[in-house]
Amino acid sequence: MSTKTQYQNSFGTVITELQKNNLSEYYKLEYDLITNELKTKIHYLEENTINEGHYFMDSLENITDVITKIDNTHRWGIFSNFEQINGYNVWRKNYYQNGVLSNSYGKIVFNSKGEEIASIGFDADNQPSRGCSKIFNLSNKNLISDGEIDGTFKNGDHIIFGHKSDGSFSAWTNTELFIKPYKTLERFLEENEGGYILNLMNQEMRDYFLNFEPFIPNFQL
């Protein structure tokens, strides 16, 4: 299979091969030259150390064959069972490391830009016992308070909402809006109502991000 190579920084911005040499981390992406479909995405750290690779299977590939041809010196996330639902790309993800393919797995949701929107973990009995995470991308969105724009979020800013089937909740952000993760929905709403994050959400978005279900949005993000 002939491929073409692309490099991206940690924000997903396309960079040159020369630019990657000046970064502490970057991604190397290989695309099928004919279909233009993404086949592998490898995360490199300093000194070209591989953190993790992602392999995206097509409908004709078998996972048993795939694990015989990939480099087993580092961990892989193998993406299979591709579906399109509500305009989103949904994949099953199994980890492969040290010659072992995991029995537990996840489902990952990407939007049309290739950004991860949500993930959910299943155990070997196909139960969602590992909970789900939903990512609200804040990149370059306005900081709105009392109807006024106070500035913008930085590129790469986001907040992750975690939910489990038992009703437990968490919220974490890489911004400076709060340092310690929230452990209850009540506390999050109490301290953030009228704040920069919730001011960016309409009711449809609140219903999605602040609840376990639905897993896949029925609107576009």
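When reading the values below, keep in mind they use all heavy atoms of this one structure, side chains included, and skip hydrogens, waters and symmetry mates. Only a predicted model underlies this, so the values are computations on that prediction, with no experimental measurement involved.
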TODO: Say whether Ile149 and Phe153 are linked into one hydrophobic cluster, either directly or through other cluster members, by side-chain heavy-atom distances under 4.5 angstrom.
DONE: yes
Open item on the list: Let me confirm one number: the CG-CG distance from Asn89 to Leu38, rounded to the nearest 0.5 Å.
Closed with: 11.0 Å
Open item on the list: When you compare the side chain of Leu221 with that of Phe209, does any pair of heavy atoms fall below 4.5 Å?
Closed with: yes
Task: Where Ile160 and Ser133 come nearest, the two heavy atoms and their spacing - done: CG2-CB, 3.9 Å
Task: Sub-4.5 Å side-chain heavy-atom contact between Thr49 and Tyr44 - done: no
TODO: Compare every heavy atom of Gly156 with every heavy atom of Asn174, then report the nearest pair and how far apart it is.
DONE: ND2-O, 3.1 Å
Task: Side chains of Ile63 and Met57 in contact at under 4.5 Å (non-hydrogen atoms) - done: yes
Task: Derivation and outcome, side-chain hydrogen bond (donor to acceptor under 3.5 Å, both in side chains), residues Asn140 and Lys154 - done: CA-CA 5 Å; Asn140 306 314; Lys154 298 176 183 177; over 6 Å; no
Open item on the list: When you measure from the centre of the six-membered ring of Phe56, is the NZ or CZ of Lys39 closer than 6.0 Å and no more than 45° off the axis?
Closed with: no
Open item on the list: Would a single hydrophobic cluster contain both Phe161 and Tyr182, if residues Ile, Leu, Val, Met, Phe, Trp and Tyr are joined by side-chain heavy-atom contacts under 4.5 Å?
Closed with: yes
Open item on the list: Whether Lys28 and Glu17 form a salt bridge (side-chain N of Lys/Arg under 4.0 Å from carboxylate O of Asp/Glu) is what I want to check.
Closed with: no
Task: ILVMFWY network linking Ile144 to Met205, side-chain heavy atoms under 4.5 angstrom - done: yes
Open item on the list: Once you measure the plane-to-plane angle for Phe178 and Phe188, does it fall in the parallel (<30°), tilted (30-60°) or perpendicular (>60°) bin?
Closed with: perpendicular
Open item on the list: Using the rule given for salt bridge (Lys or Arg N to Asp or Glu O under 4.0 Å), can you reason through Lys134 versus Glu116, listing the C-alpha separation, both sets of side-chain angles and the distance that settles it, and then say yes or no?
Closed with: CA-CA 9 Å; Lys134 299 179 178 181; Glu116 182 177 330; over 6 Å; no
Open item on the list: Could you measure the distance from the OG atom of Ser24 to the CD atom of Glu47? Nearest 0.5 Å is fine.
Closed with: 12.0 Å
Open item on the list: Between Lys4 and Asn36, do the side chains contain a donor N or O and an acceptor N or O under 3.5 Å apart?
Closed with: yes
- [ ] For residues Gln19 and Thr16, determine if any side-chain heavy atom of one lies less than 4.5 Å from a side-chain heavy atom of the other.
- [x] yes
Task: Six-ring centre of Tyr95, Arg75 cation under 6.0 angstrom, axis tolerance 45° - done: yes
Task: pair Trp76-Val66: side-chain heavy atoms closer than 4.5 Å - done: no
Open item on the list: Quick one, Asn21 and Tyr7 - any side-chain contact, counting heavy atoms below 4.5 Å?
Closed with: no
Task: Side chain proximity check, Met201 to Tyr208, heavy atoms < 4.5 angstrom - done: no
Open item on the list: Does either side chain, that of His74 or that of Glu52, offer a donor lying less than 3.5 Å from an acceptor on the other one?
Closed with: no
TODO: Treating Ile, Leu, Val, Met, Phe, Trp and Tyr as nodes and any side-chain heavy-atom pair under 4.5 angstrom as an edge, say whether Ile70 and Ile50 lie in one connected cluster.
DONE: yes
TODO: Check whether the side chains of Ser102 and Ser104 place a donor and an acceptor atom closer than 3.5 Å, and report yes or no.
DONE: no
Open item on the list: If you compare all heavy atoms of Asp150 against all heavy atoms of Tyr196, which two are closest, and at what distance to 0.1 Å?
Closed with: OD2-OH, 2.7 Å
Open item on the list: Please verify the inter-ring angle class for Phe82 with Trp91; under 30° counts as parallel, over 60° as perpendicular, anything in between as tilted.
Closed with: tilted
- [ ] Assess the pair His158 and Trp172: is the distance between their ring centroids shorter than 6.0 Å?
- [x] yes
TODO: Any chance you could measure Asn218, atom CG, to Asp207, atom CG, to the nearest 0.5 Å?
DONE: 9.5 Å
Open item on the list: Side chains of Asp123 and Gln127: any donor to acceptor distance under 3.5 Å?
Closed with: no
Task: Stepwise side-chain contact (heavy atoms from CB on, under 4.5 Å) test for Phe79 and Ile108 - done: CA-CA 9 Å; Phe79 290 73; Ile108 317 294; 3.9 Å; yes
- [ ] Please report the C-alpha distance between Leu198 and Leu189 in whole Å, then the side-chain angles of each, then the deciding distance to 0.1 Å, and finally whether the side-chain contact (heavy atoms from CB on, under 4.5 Å) criterion is met.
- [x] CA-CA 9 Å; Leu198 290 180; Leu189 290 174; 4.0 Å; yes
Task: Lys NZ or Arg CZ of Arg92 over Tyr105 ring: under 6.0 Å, within 45° - done: yes
Open item on the list: Set out, in order, the CA-CA distance, both residues' side-chain angles and the distance that settles side-chain contact (heavy atoms from CB on, under 4.5 Å) for Leu138 and Thr175, then state yes or no.
Closed with: CA-CA 9 Å; Leu138 303 170; Thr175 71; 4.2 Å; yes
Task: Val100 backbone acceptor or donor facing Asn98 side chain under 3.5 Å - done: no
Task: Nearest-0.5 Å distance, CG of residue Leu185 to CD of residue Glu190 - done: 11.5 Å
Task: Donor-acceptor contact below 3.5 Å, side chain Asp146 vs main chain Glu148 - done: no
TODO: State plainly whether the residues Glu193 and Arg206 are in salt-bridge range, i.e. N to O under 4.0 Å.
DONE: yes
Open item on the list: Ignoring hydrogens, what is the shortest heavy-atom contact between Gln220 and Asn86? Give both atom names and the distance.
Closed with: NE2-O, 2.8 Å
Task: Residue pair Leu29 / Thr5, side-chain heavy-atom distance below 4.5 Å - done: no
TODO: Indicate, with yes or no, if Phe122 and Val90 share a hydrophobic cluster defined by side-chain heavy-atom contacts under 4.5 Å among Ile, Leu, Val, Met, Phe, Trp and Tyr.
DONE: yes
Task: Closest contact, heavy atoms only, Gly194 versus Asn199 - done: O-ND2, 3.0 Å
TODO: Verify side-chain contact (heavy atoms from CB on, under 4.5 Å) between Glu115 and Asn137, making sure each step is shown before the conclusion.
DONE: CA-CA 9 Å; Glu115 299 168 337; Asn137 185 359; 3.3 Å; yes
- [ ] Of all the heavy-atom pairs spanning Pro217 and Tyr88, show the shortest one and how long it is.
- [x] O-CE1, 3.6 Å
Open item on the list: Pair Phe169, Phe212 - check ring pair (Phe, Tyr, Trp, His ring centres under 6.0 Å), show working.
Closed with: CA-CA 9 Å; Phe169 168 91; Phe212 182 82; over 10 Å; no
Task: Atom pair OG1/CD of Thr40 and Glu30 - distance to nearest 0.5 Å - done: 5.0 Å
Open item on the list: For the NZ atom on Lys20, are there more than 12 heavy atoms of other groups (residues, nucleotides or ligands in this structure) within a distance under 6.0 Å?
Closed with: yes
